[in-house]
Structures are given as C-alpha cells and as structure tokens.
Amino acid sequence: MLKRTHTCGQLRPDDIGKKIILSGWVHNWRDHGNIYFLDLRDRYGITQLVIDAEKTPDIHKQVQKIRCEWVVAVEGTVRKRGEENPKLPTGSIEILVEKIEVLNEAATPPFELADAGKISEELRLKYRYLDLRRPQMQSRLETRHRITKIARDYYNELGFWEIETPMLAKSTPEGARDFLVPCRLFKNTFYALPQSPQLFKQILMMSGTDKYFQIVRCFRDEDPRADRQAEFTQIDVEASFVDTNDIISIHEKLIAKFWKEILDIEIPLPIRRMGYKEAVDNYGIDRPDLRFDMKLKDVSDIAKNSTFKVFKTVIEKGGVVRGICCPSRLGGPGGSQILTRNYIEKDLTAFVADYGAKGIVWLKVSDEGGKLSCTGSVAKFFDAAQLEQIAKRFDAKNGDTLLFIADTLKNANKALAPLRCRLGKDVKLYGEGRFEFVWITDFPLFEWNEEENRCDSTHHPFTAPIEADLAKLDTDPLSITSQAYDIVVNGSEIGGGSIRIHRPEIQQKIFDLLKITRQQAQDRFGFFLRALDYGTPPHGGIALGLDRMIMILTGTDNIRDVIAFPKTQKGQCLMTEAPSSVDQKQLDELNLMLKPEK
RNA sequence: GGGGCCGUAGCUCAAUUGGCUAGAGCAUCGGACUGUCGAUCCGAAGGUUGAGGGUUCGAGCCCCUUCGGCCUCGCCA
C-alpha cells in the first residue's frame, strides 16, 4: 500500500515540485478526454489530481473506471494549477499523478456527497457514515472535539479530576422516566441508566475528591425535540467548599473560552446576572432572550376599568392582562409592514393557541401631535385617557402594535414568552451572530403542585436554600429562595446548577415538604442520606449541556447535527435499527416474559 | 396521549377540477471532448406514486386504516 506523505488539505504553492503520496476518497471527477481531473477528499480537505493521457496513458486508462467514494492512494508531483480555484485552500496546486492504487471500490452512494444540497434526514441517518464524510459534518464533529478538549484542559489546570460514575445505576422514580436495564444476577431487579450523575458527584464530594468533572452521557426516556435527545451529554462539575460566585466565575471564564476559541468572539465578563423574578416579570420566562428588549407589561389595573368584558372577566377571576409592544415594520420603522391584521389574527393567534392561549387582543398605537392613542377593534371599550395610559406604559411609538393576552399570570406568561421570541425573530429585532448571555439566579426553592397538593422542587431536591431563608422551611416554604443558577444564551438554557444541601436534617426537611415519606426516602435515597451523615463538606456544582452548546456554536437548530450517531424522534437509530427484539434465550436468562401487544 | 407538515425514479422535486404512455435536473450506464473545478455536449436505462383497503368508467390526487420522517403541546425533578 502506498503510505500517504501528506493529507488532502495540506499542500500549498511552497510544496510545488515535491513528490508526494495522498490517500482518500474520490470526491468528484471530470473527464475531458485526454485530460482527466479527480478531486481527492479526506478529513483535512480536497486536492485536485490530474491525469494526462499523453504522459501516463496506462493511468489514464486505469482511472476511467474509478467512481465517486472509491478509496485510492496516488503518488505524484505537486505542480501549479493553470487556473486557481479560490474555493479550496489547496486551490493553487494540483497533483500530476504518476501512480494510482485503488484501495477499495465503493457502491454508488444513495445520495450525492459532493453537492451540499438538501438530503432527507431519514436517508442521512440510515447512511450516517456517508453523511459524516461531508465536510460540514466533519467540521461539527471537530468543534465538538475541540470543546471537550478545551474543557478537559481547563478543569485540569484548576485541579479538577475527571472521574467516571456508573452507567448502571439505581432507579429513582422522581424526575424523568428512567431507561431500565434488567439485572441477570438478581432476578426481577433492574438498573436504571443515569438521568444525571447528581448523587454520585455529591458523594464524590463526601469522598474528599474536592473537585470533580466528567463529560458524561445522561439518559431520559421522554419524547425528543429538535434540541433534545433521550441520550445526551453533559459537562458535569462539582466542587467542595465553594459558593455560587465560585462556580459562576469558573464557568463564565470557560464559556468565554469556548466562544473565543470556536467563533473568535469575546464575551465581556462578568456575564450579567438577573433574578428569577425580574426575568419572569419582564420576559415571562426564566430563560429570556436578551438580544432584544420588548419587555412584557401588565395592564390589568387599566383593563379592569374598561368596558371590555373579556378583560374584566379574567381579572375578576384573579387573572391578568399582560402584553408586549412590537414595531409593526420589519427591522423597525421604515421597514415593510409585517404586523398586519391577518398576520396577528391568523398566524400569531394560532401560534399562541399552541401554548393554551385563547386569543390575542391587539391595539395599534397612534401619535397625533404628541398625543398618544390606540386604534383597533377593542379600542372602543377604553376611554381616551385609558388608551393613552396603555400606550405610555409600553413607551410605545406611532405605528407600534400592542398585543395582549388575558389569562392567569402563569398561562399569560406561557404564551407571551414564546410570542415575544417569535416576534423578535419575525420583525428582525436583532442581527445574526449576536450572543447575549445571562445568569439567572435567586430561583424559588419550590413551586406549588396543585394536583398533588404539595411542594415540588424547582431545581432538584438537593438544592440548598439561601442561609437567610432556612427558618422559613417550617413556616413559609414557597417563599424560600434557592442557591440555584442557570446560564442562558439567546433564550436557550445551556447549563444550570446549585449549591447543595450538606446538612442531613435540612435534606430530610426538604423530603418532608416534597411529601416523600421517610420510608420512600430510605428506599430511594437511603445510601445518600447515610453518606450525608459522615461529614459532608459544603459543596455545589453545575452541568453544562454539551449538545446544545455545540448546536449554538455551529449554528444549527438540530441536535442530531451535533451527535455522530443520533436517534430519530421515536428513539430509533436508523443505521443500526435499534431498538430491536431479542432472543427468547436472552429473555429467559433475565427471567423476563413479554406481554402480548395491546 | 394530542395537533400540524411531509412521503412520486438512486437523490431533489413537478404532474391543472380525479382524465392519454407519471415528467425534469442531478446521480447511474454508453459515447464525444486537453484545463476543468456543481465541467460541457449527445444518447440510454431507470417507477407496485411508503403499505393495505375503499369510492369511481377512471385515483399520485378523494375517503379509511397503517408504517415512517420532521415540527410541536403535554412530558423533560
């Protein structure tokens, strides 16, 4: 076998005259009769080969039968090209082939790799090895590698140890649905694949490892989305004797490093922080997209005095009227009209209906000689002073559109937050390539679970309350602030963590409030509660969503684009055809019996 | 569990209100050509319209069932 001396992305004009060997896949070929061009591709790039019938008639004959994706090695001389190809880094040179060796033939590919046109994802997933050969996919894999490499180096510098935790773990029915793995040696018992190494990393702190990290696979058996797979990767971190500021400061530097190394973008540090309440009040959600302003405002106080029945009824029932103010024109004043009546009453109304909103009420702002007012089908239910007051509340300008949703506070926010994001995008309120980071802090420790009539952890049951609120555990748990923090960029949560509870009695109180009985706590977390008893240092940590970060860094909105071998929305791997049925013998060994379908 | 979009040649798509032998570009195969780089030109082959059933004189198109892909609500401590 000819052994390569260079790669297909390497040769430059300085190499002209050198005798070299290249190996790779045939990317494309152009047969001009007596002259024959062949593009050779490997991970590093593409290099043009030339075969001249007059100089090397044997090779010219041999190359006629070579096709796309055949694997070949060639020996030849680097020379200057007649006309350069500015699209390729190697575009100034070519290889005059003196010897060619076919290392492997290839079946005709089911789709064309050369043209980066759209190929159905189904096909790409089935022939993933072909899809991954495409330069764009290679680049995504490389970005992923570089990020994990940067992270490993960074944590190593700071004294963190990379420690593996079990993949075969104990099932905890809280949280997401577990993937179960039957255990052969203890009949009728199951392992669960970890939803996260949460308890293990805390126990590592109890074990005195002080600083831990892991780039770790996590499993949650819930329906996938464009940015969610059942199987995903976290950069998981925990440290002892730290507070919120320690974790935040370590990680905003790391995130800044990611953005600098991959996109050459400087993130100004420190990243701003915003309290949970401020985020929800102004943006309706705890992961606000801060690339544009457009804050939500409450107009319940004005609406309740109007004669508009829809508003009045909602408010009487304890609901709110909240809204946003949006420029009606694309890219701001002067752009073309976008918030047309049709767009609002059809597109946007259908959009918010997905989030449970019954409808959108809208008003158009007019400014007549400094006197603000509003027009629209519901304007008649308000007097002039009220309309002016509403316009002023939004600091609205002539031509702006005000959009309102009347519902419970929670439901109104649930619809308005995505509506705000959609409008920001549709009306082009921000440019491409902008990244607005924010740490969200001061989360409530609990949320009220109406159906179960108890508290639910906002974050998870191991999150510590702030010291000042400890006393409220017995009196007013819903008003307790937690020591949790999320890192958000452009409305996407890319990580979150907390300072953990390190005192057993507080951990027990939390379980009590979550209405987890002592018995249940022992069954599920007994090992953990026991470990807490043996001298647990104060500790805290964070987990960064690796897949989501790579998505943002590579500019794709599809998580499957950043995972080498992803699964479809039904959890299948189209390449291997997992999941699949198993032999009766395997079931017997596990003491399992299948129920008939349906 | 619910809602939406989609499925036609190897690939990407087209086919008027249901109407003649289901078309095009690329790929494939054959031929031509000494400078292309998404080569070009000439020609050929390529179809159970995802599957099954129904309505009709006639179905790619309408109806029902089903399979698959994507988006989404719920779900994701």
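Throughout, protein chains are lettered first and strands after them, A, B, ... in sequence-line order, and every chain is numbered starting at 1.
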_B:G74, OP1 or OP2 - any side-chain N/O from A:R177 closer than 4.0 Å?_
no
_With the threshold set at under 4.0 Å for non-hydrogen atoms, list the residues of residues 543-551 of chain A touching RNA chain B in residue-number order._
none
*Can you tell me the pairing partner of B:C5 across any strand shown, Watson-Crick or G-U wobble, with both distances under 3.5 angstrom?*
B:G69
*Think A:N34 has a side-chain N or O under 4.0 angstrom from the OP1 or OP2 of B:U34?*
yes
*If we call it a pair only when both distances are under 3.5 Å in a Watson-Crick or G-U wobble match, what pairs with B:C26?*
B:G10
*asked:* Taking atom types as they are modelled, would you say the side chain of A:D31 forms a donor-acceptor pair with the base of B:C33 within the 3.5 Å cutoff?
replied: yes
*Keeping the roles fixed (side chain from A:D15, backbone from A:R12), state whether a donor-acceptor pair exists under 3.5 Å.*
yes
*In the strands shown, is B:A15 matched to any nucleotide by a Watson-Crick or G-U wobble pair with both distances under 3.5 Å, and which?*
none
*Are any side-chain N or O atoms of A:S498 and backbone N or O atoms of A:A484, one a donor and one an acceptor, separated by less than 3.5 Å?*
no
_Side chain of A:H32 - closest among B:G35, B:C37, B:U28_ = B:G35
*asked:* If you compare every side-chain N and O of A:Q569 against the phosphate oxygens of B:G68 (OP1, OP2), does one of them come in below 4.0 Å?
replied: no
*Going by modelled atom types, is there a donor-acceptor pair between the base of B:U36 and the side chain of A:E83 at under 3.5 Å?*
no
*For A:N85, which contact category applies under a 4.0 Å heavy-atom criterion: base, sugar-phosphate, or nothing?*
base
*Check every strand shown and say whether A:Y355 touches a base, only sugar-phosphate, or nothing at a heavy-atom separation below 4.0 Å.*
sugar-phosphate
_RNA chain B-proximal residues of residues 68-82 of chain A, any heavy atom under 4.0 Å_ = A:R79, A:R81, A:G82
*Which residues within residues 220-229 of chain A lie with some heavy atom under 4.0 Å of an atom in RNA chain B?*
A:R220, A:E222, A:D223, A:R225, A:A226, A:R228
*Quick one: does A:Q483's side chain have a donor or acceptor within less than 3.5 Å of a partner on A:P465's backbone?*
yes
*Can you tell which of B:G35, B:C70, B:A77 lies closest to the side chain of A:S457?*
B:A77
Just list the side-chain donor-acceptor pairs under 3.5 Å for residues 349-358 of chain A, sequence neighbours left out, or say none.
| from | atom 1 | to | atom 2 | distance (Å) |
| --- | --- | --- | --- | --- |
| A:T349 | OG1 | A:I344 | O | 2.8 |
| A:T349 | OG1 | A:E345 | O | 3.2 |
| A:K358 | NZ | A:D407 | OD2 | 3.4 |

*Going by number, which of residues 490-514 of chain A have a non-hydrogen atom under 4.0 Å from RNA chain B?*
none
_At less than 4.0 Å, is any side-chain N or O atom of A:T108 found next to OP1 or OP2 of B:A27? Yes or no._
no
_With a 3.5 Å cut-off and heavy atoms only, can you find an N or O donor on one side and an acceptor on the other between the side chain of A:E94 and the base of B:G35?_
yes
*What is the per-nucleotide protein-contact pattern of nucleotides 5-14 of chain B, from the 5' end, where B denotes a base atom under 4.0 Å from a protein heavy atom, S denotes such proximity for sugar-phosphate atoms only, and - denotes neither?*
-----BSS--
